[in-house]
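This report concerns only the one structure given below.
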Amino acid sequence: MYLLSQNNQKNINFSLEIFPTENKYKLDSLCETVNEYEKYLPTFISITEKPGNSSNIKVIDKITSISNIPLAAHLIGWDKKKDDIKTIANKYWDLGIKRILALRGDPINGIPSPYHFQHASDLIEELLKIRDFDIYVAAYPEKHPEAKSLDKDIDNLKRKQDLGAKVAITQFFFDPEVFLNFRDLVVKKGITMDIVPGIKPILNFDHTCRMAEKCEANVPHFLHKMFENESKEDLNQKLLAMNVLTHQVTRLILEDVTTFHFFTLNELVMTRQLCQWMKVAF
């Protein structure tokens, strides 16, 4: 594994993303996972939201009762009325949540929103009328599937910044050059907010490929070759996945990326190893 020399240490920060559950037993397990993650001092832990869910208020309330880790809440606008957004936003604020990842959300069955929030930009404007949140948004280094071009998609990201977004977290990618090229392009468009790479561990290669196809993220040919014939339960797959992660992170750090966001999928063993490595190596 890559290690910087002692006199060349960098200040590297990372955040972790988890999937929520309101099932009592699974929520207790999730809280145990959060307590484990907390040991590695992430900047914050973010909690995703699925379209059609009312919110993650119960989950966040439970986590704040057992942990002091800063939290960020995803908030989808597609399926909510303005009054819903106001109620949820105020409850999050009262729970101490100051970071909101503002998302349109994927329309269910391709149906446009029946309410106000057709775009993430609509949601950003509304949230900042309610409270002074730190607004995080999504970015797509290989363009959003619905965007006409990457250039048009970057214009949309610039609009989010102009409306008050402070940080963008990218969709996952597997070739670090994709992110580095995207970073150069957004700077040319006048985007100055932090662009944080979203990094996804390959816990199950087949499932990862299906997710990548859905969001039009490229899975390089060499990864198909690496993971062919490897079972998801096989130690070899986990070791390969860790090698891919460390390659991505190392390449980006060498290009002065200092902040990362890891989609943990609530997994503990690899996340623990990754966090330990991040704290020691850099």
Side-chain angles (χ1 to χ4, degrees), residues 15 17 19 46-53 72-80 85 99-128 135-200 207-220 248 252 257 259-263 265:
S15 51
E17 183 168 308
F19 288 104
S46 72
I47 301 168
T48 63
E49 179 184 314
K50 294 181 180 179
N53 284 11
H74 293 212
L75 185 53
I76 289 174
W78 176 87
D79 56 356
K80 297 179 182 67
I85 293 296
R99 294 180 179 90
I100 296 284
L101 181 57
L103 304 164
R104 181 199 66 177
D106 295 327
I108 298 175
N109 299 323
I111 300 171
S113 171
Y115 307 119
H116 176 73
F117 303 104
Q118 303 294 339
H119 306 284
S121 53
D122 302 323
L123 182 57
I124 293 167
E125 289 184 291
E126 190 67 20
L127 285 169
L128 290 177
I135 301 293
Y136 287 53
V137 294
Y140 301 86
E142 297 173 271
K143 93 171 183 60
H144 190 282
E146 296 176 23
K148 293 181 179 179
S149 67
L150 181 58
D151 187 67
K152 294 292 185 184
D153 205 24
I154 293 173
D155 287 340
N156 185 51
L157 184 61
K158 176 66 161 58
R159 173 170 169 74
K160 293 177 186 179
Q161 174 183 275
D162 293 345
L163 288 168
K166 294 184 178 180
V167 179
I169 297 174
T170 74
Q171 178 61 274
F172 66 83
F173 56 90
F174 296 103
D175 182 352
E177 308 310 315
V178 166
F179 175 84
L180 296 172
N181 179 62
F182 180 71
R183 185 179 66 173
D184 291 342
L185 291 174
V186 301
V187 169
K188 290 178 181 177
K189 285 279 190 175
I191 294 175
T192 57
M193 65 177 166
D194 290 339
I195 308 295
V196 178
I199 307 293
K200 182 184 184 304
H207 181 259
T208 296
C209 288
R210 290 194 294 272
M211 290 185 65
E213 183 178 7
K214 182 179 179 181
C215 64
E216 298 184 6
N218 180 53
V219 181
Q248 287 179 292
L252 295 174
V257 176
T259 306
F260 296 83
H261 184 74
F262 296 110
F263 306 113
L265 308 178

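What's counted below: heavy atoms across the whole structure, side chains too, no hydrogens, waters or symmetry copies.
- Considering only heavy atoms from C-beta on, His261 comes within 4.5 Å of Glu17 through its side chain.
- Rounded to the nearest 0.5 Å, atoms OG (Ser46) and CZ (Phe262) are 12.5 Å apart.
- Contact annotation: the side chain of Ile191 approaches that of Met193 to within less than 4.5 Å [non-hydrogen atoms, C-beta and beyond].
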Exercise. Are Leu265 and Phe19 close enough, and set up right, to give a side chain to side chain contact (heavy atoms under 4.5 Å, CB included), and what steps lead you there?
Worked result: CA-CA 6 Å; Leu265 308 178; Phe19 288 104; 3.2 Å; yes
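- Proximity of Ile100 to Leu123: side-chain heavy atoms (C-beta onward) are nowhere separated by under 4.5 Å.
- In terms of modelled atom types and a separation under 3.5 Å, the side chain of Asp194 and the main chain of Val196 share no donor-acceptor contact.
- Of all the heavy atoms in Val137 and Ala165, the pair that sits closest is CG1-CB, 3.7 Å.
- A side-chain contact (heavy atoms from CB on, under 4.5 Å) with Leu163 is found for exactly one of Leu127, Ile135, Ile124, namely Ile124.
- Two residues are said to be in side-chain contact when any heavy atoms from C-beta on lie closer than 4.5 Å; His144 and Arg104 meet this criterion.
- Residue Leu101 comes nearest to Ala138 through the heavy atom pair CD1-N, 4.1 Å, listed as atom of the first residue, atom of the second, then distance.
- For Glu125, there are no salt bridge (charged side-chain N to carboxylate O under 4.0 Å, His left out) partners two or more places apart in sequence or in a different chain.
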For this session: Report the C-alpha distance between Phe182 and Leu157 in whole Å, list the side-chain angles of each, state the deciding distance to 0.1 Å, and finish with yes or no for side chain to side chain contact (heavy atoms under 4.5 Å, CB included).
Result: CA-CA 12 Å; Phe182 180 71; Leu157 184 61; 4.0 Å; yes
For this session: Any chance you could lay out the side chain to side chain contact (heavy atoms under 4.5 Å, CB included) test for Leu252 and Ile199, step after step, and finish with the verdict?
Result: CA-CA 11 Å; Leu252 295 174; Ile199 307 293; 4.3 Å; yes
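- A salt bridge does not link Lys80 to Glu126: none of the charged side-chain nitrogens sits closer than 4.0 Å to a carboxylate oxygen.
- Within the 4.5 Å cutoff, the side chain of Val257 has heavy atoms near those of the Phe179 side chain.
- For the salt bridge (charged side-chain N to carboxylate O under 4.0 Å, His left out) test, residues two or more places apart in sequence or in another chain that qualify with Lys189 are Asp151, Asp155.
- Counting heavy atoms from C-beta on, the side chains of Glu216 and Glu142 never come closer than 4.5 Å.
- Put simply, the side chain of Lys152 never gets that close to the backbone of Lys143: no donor and acceptor are under 3.5 Å apart.
- Nearest heavy atoms, Pro141 versus Phe173: CG-CD2, 4.2 Å.
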Problem set entry | Candidate pair Ile85 and Leu75, rule side chain to side chain contact (heavy atoms under 4.5 Å, CB included), full reasoning | CA-CA 8 Å; Ile85 293 296; Leu75 185 53; 4.2 Å; yes
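- For Ile169 against Tyr136, the heavy-atom pair with the smallest separation is CD1-CD2, 3.9 Å.
- A donor-acceptor contact shorter than 3.5 Å links the side chain of Thr170 to the backbone of Gly198.
- Side-chain contact check for Tyr140 versus Ile154: every heavy-atom pair is 4.5 Å or farther apart.
- His119 has its side chain out of reach of Asn156: every pair of non-hydrogen atoms, C-beta onward, lies at least 4.5 Å apart.
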Validation: residues 207-215 side-chain donor-acceptor distances under 3.5 Å, sequence neighbours left out:
{"from": "Thr208", "atom 1": "OG1", "to": "Lys200", "atom 2": "NZ", "distance (Å)": "3.2"}
{"from": "Thr208", "atom 1": "OG1", "to": "Asn204", "atom 2": "O", "distance (Å)": "2.9"}

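- Here the closest heavy-atom approach between residue Pro176 and residue Gln248 is recorded as CG-CA, 3.9 Å.
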